[in-house]
Enquirer: 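Handing you a structure now.
Sequential numbering from 1 along the given sequence is applied to the chain's residues.
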Amino acid sequence: MDRFAKLAHDMSLLWAKYWPSYLGGIKNTLILALVATFIGCIIGLICGILNTIPYSEHDPLPKRFLLKLIRVIVRIYVEVFRGTPMVLQAVFIYYGLPYFFSVNWQSVWAAAILVVSINTGAYMAESVRGGIISIDPGQTEGAKAIGMNHFQTMTSVILPQALRNIMPQIGNNFIINVKDTSVMFIISFTEFFAFHRYITGVNNMYFPSAAIEMVGYLCMTLIASFILRRVEKRMDGSDSYELVQADPLTMTAGTYQHPGSPEAPAGVSDEERERIRQSLKNRNGSTRGDR
């Protein structure tokens with residue numbers, strides 16, 4: 001217990017002395033994670049849509065060639081950025097581009113956002129593609145049957161449903177970005193972990209500072225998880241529904257139960273059911289059962 005008391009004492013000393021630096025690192029981490037996740041989702045959405053544009057052997061050759069080329073480019077992009085560490089991607093983009101080309105980074109913020117956004121877009125491209133192909137193909141066929149083109153089908157029918165399916169993955173990528181921004185110290189970006197490295201270089205209290213870092217990252221991810229679950233629940237809508245029983249057609253369109261059935265709708269008497277049956281018989285000449 002003495003060790004834990006000493007750890008708590010050292011953490012309180014560090015926080016009392018360096019709390020503005022810790023809070024500044026948290027602010028930079030959250031801004032970078034939010035902006036990069038948003039841009040990465042846009043990149044992934046574009047790649048996912050381009051990767052699912054349908055074509056057939058009856059389409060013109062230029063269209064088939066262009067779509068195949070797009071899919072090859074997207075596949076290479078996804079495999080390269082999913083298959084390499086973000087820290088090396090940061091090195092190649094921040095130091096490699098000026099090495100090969102006349103690129104001069106005016107702001108380390110721009111480089112950090114670019115690195116994290118491209119990395120996030122590679123993961124989101126596959127998530128969007130999976131969300132799109134998870135939608136029942138019958139909905140696409142139905143949209144085409146009423147005259148919708150591919151763009152209208154995607155924006156009005158497929159994407160709203162796919163977005164709800166991939167919301168957990170969007171939240172997961174944001175939480176991963178909150179943690180993975182810690183590798184941006186390699187390009188001198190001063191986020192939360194970079195301040196920890198600076199502080200421990202000054203006072204040599206590595207473990208107490210690391211404990212503060214652990215608590216800070218945990219608080220950020222827990223709050224983000226709570227907010228994302230609330231967003232998902234709001235997107236689901238209300239889970240309380242009442243069946244309409246006043247319309248006679250409702251009683252015969254899948255919601256009608258035999259009077260002797262234990263699942264028969266409550267509050268509807270046998271006389272009311274018979275009245276509805278006679279009303280439909282007089283309207284149509286016969287009931288569904290009689291036909």
Side-chain angles (χ1 to χ4, degrees), residues 1-41 81 84-91 93-94 105 107-124 127 167-234:
M1 295 299 294
D2 293 339
R3 291 292 183 181
F4 286 104
K6 185 177 185 307
L7 175 62
H9 176 70
D10 291 341
M11 290 173 62
S12 63
L13 289 178
L14 282 176
W15 181 260
K17 187 175 182 179
Y18 297 107
W19 66 267
S21 297
Y22 283 119
L23 290 182
I26 291 175
K27 182 188 72 172
N28 290 348
T29 294
L30 289 176
I31 292 175
L32 176 59
L34 280 170
V35 174
T37 302
F38 176 75
I39 298 175
C41 287
F81 282 90
T84 55
M86 188 188 292
V87 62
L88 293 180
Q89 296 168 14
V91 170
I93 290 177
Y94 190 73
W105 294 105
S107 172
V108 70
W109 271 96
I113 290 175
L114 179 63
V115 172
V116 183
S117 298
I118 293 177
N119 183 273
T120 304
Y123 286 92
M124 285 306 304
S127 299
M167 268 302 296
Q169 188 60 34
I170 294 176
N172 187 48
N173 282 325
F174 172 71
I175 292 174
I176 290 175
N177 285 340
V178 169
K179 299 180 294 181
D180 284 357
T181 52
S182 59
V183 304
M184 290 297 108
F185 74 88
I186 199 70
I187 59 174
S188 302
F189 180 79
T190 52
E191 40 71 49
F192 194 29
F193 188 74
F195 277 110
H196 158 70
R197 288 169 56 86
Y198 166 75
I199 291 169
T200 55
V202 173
N203 55 41
N204 203 28
M205 298 175 65
Y206 198 93
F207 183 68
S209 181
I212 294 176
E213 291 279 313
M214 182 75 73
V215 173
Y217 278 114
L218 184 61
C219 289
M220 285 189 284
T221 55
L222 288 177
I223 293 173
S225 297
F226 174 77
I227 295 175
L228 290 167
R229 286 194 179 95
R230 297 289 297 179
V231 171
E232 291 177 23
K233 186 175 181 180
R234 192 170 185 89

Enquirer: For a side-chain contact (heavy atoms from CB on, under 4.5 Å) check, start with the C-alpha distance between N28 and F192, then their side-chain angles and the critical distance, and finish with the verdict.
Expert: CA-CA 7 Å; N28 290 348; F192 194 29; over 6 Å; no
Enquirer: How long is the straight-line distance from NZ of K27 back to CG of L23, given to the nearest 0.5 Å?
Expert: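 Output value for this atom pair is 10.0 Å.
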Enquirer: Heavy atoms, side chains only, cut-off 4.5 Å: are L32 and F189 in contact?
Expert: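 They are in side-chain contact.
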Enquirer: Of all heavy-atom pairs between G40 and M124, which one has the smallest distance, and what is that distance?
Expert: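 Result for this residue pair: O-CB, 3.9 Å.
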Enquirer: Using side chain to side chain donor-acceptor pair (under 3.5 Å) as the criterion, point out the one residue from T37, N177, D180, N173 that pairs with T120.
Expert: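 Of all the options given, the one that passes is N177.
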Enquirer: May I ask you to test the Q89-N119 pair for a side-chain heavy-atom distance under 4.5 Å?
Expert: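 Q89 vs N119: side chains touch.
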Enquirer: Evaluate the side-chain contact (heavy atoms from CB on, under 4.5 Å) criterion for residues N203 and Y18: first the C-alpha distance (whole Å), next the side-chain angles of each, then the deciding distance (0.1 Å), finally the verdict.
Expert: CA-CA 11 Å; N203 55 41; Y18 297 107; 3.3 Å; yes
Enquirer: For residues M11 and A211, report the shortest heavy-atom separation together with the two atoms involved.
Expert: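 Smallest heavy-atom distance, with atoms named: SD-CB, 3.6 Å.
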Enquirer: Within a strict 4.5 Å, meaning less than it, do heavy atoms of the W105 and L114 side chains meet?
Expert: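 In short, these two side chains touch, coming nearer than 4.5 Å.
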Enquirer: Could you go through the side-chain contact (heavy atoms from CB on, under 4.5 Å) check for T221 and L218 one step at a time?
Expert: CA-CA 5 Å; T221 55; L218 184 61; 4.2 Å; yes
Enquirer: List the atom of L14, the atom of S209, and the distance in Å for their closest heavy-atom pair.
Expert: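 Where L14 meets S209 most closely, the heavy atoms are CD1-N, 3.5 Å.
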Enquirer: Rounded to the nearest 0.5 Å, what separation is found between the CZ atom of R197 and the CD atom of E213?
Expert: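 Rounded to the nearest 0.5 Å, the CZ-CD separation comes to 11.0 Å.
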Enquirer: Measure the CG-OG1 distance between L34 and T29 for me, rounded to the nearest 0.5 Å.
Expert: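 That separation rounds to 11.0 Å.
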Enquirer: Output the distance between atom CD1 (I175) and atom CG (L222), rounded to the nearest 0.5 Å.
Expert: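 Output value for this atom pair is 8.5 Å.
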Enquirer: Would you call I212 and W15 a side-chain contact if the rule is heavy atoms closer than 4.5 Å?
Expert: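 Yes - at least one pair of side-chain heavy atoms lies under 4.5 Å apart.
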Enquirer: To check you understand the geometry: which heavy-atom pair defines the closest contact between A90 and I186, and what is its length?
Expert: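 Looking at all heavy atoms of both residues, the closest pair is CB-CG2, 4.0 Å.
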Enquirer: Would you check if Y22 and I199 make a side-chain contact, meaning some heavy-atom pair closer than 4.5 Å?
Expert: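 Sidechains of I199 and Y22: in contact.
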Enquirer: Search all heavy atoms of I187 against all heavy atoms of V108 and return the closest pair with its distance.
Expert: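 Heavy atoms of I187 and V108 come nearest at O-CG2, 3.1 Å.
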Enquirer: So do I26 and F195 actually touch side chain to side chain, heavy atoms under 4.5 Å?
Expert: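 Not touching, per the 4.5 Å side-chain cut-off.
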Enquirer: What are the two closest heavy atoms between P208 and L7, and how far apart are they?
Expert: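 Of all heavy-atom pairs spanning P208 and L7, the closest is CA-CD1, 3.9 Å.
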Enquirer: Would you please test M184 and M86 for side-chain contact (heavy atoms from CB on, under 4.5 Å) and show each step?
Expert: CA-CA 9 Å; M184 290 297 108; M86 188 188 292; 3.9 Å; yes
Enquirer: Evaluate whether atom CZ of F81 has more than 12 neighbouring non-hydrogen atoms of other residues, nucleotides or ligands under 6.0 angstrom away.
Expert: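 Above 12, so yes.
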Enquirer: Quick one: does F193's side chain get under 4.5 Å of Y217's, heavy atoms only?
Expert: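 Yes, at least one pair of side-chain atoms sits under 4.5 Å.
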Enquirer: Taking the side chain as everything from C-beta on, heavy atoms only, tell me whether V215 gets closer than 4.5 Å to C219.
Expert: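 Yes, side chains in contact.
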Enquirer: Would you please test Y206 and H196 for ring pair (Phe, Tyr, Trp, His ring centres under 6.0 Å) and show each step?
Expert: CA-CA 8 Å; Y206 198 93; H196 158 70; 4.9 Å; yes
Enquirer: Indicate yes or no: does K6 engage D10 in a salt bridge with an N to O separation below 4.0 Å.
Expert: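 Counted as a salt bridge, because a side-chain N and a carboxylate O are separated by less than 4.0 Å.
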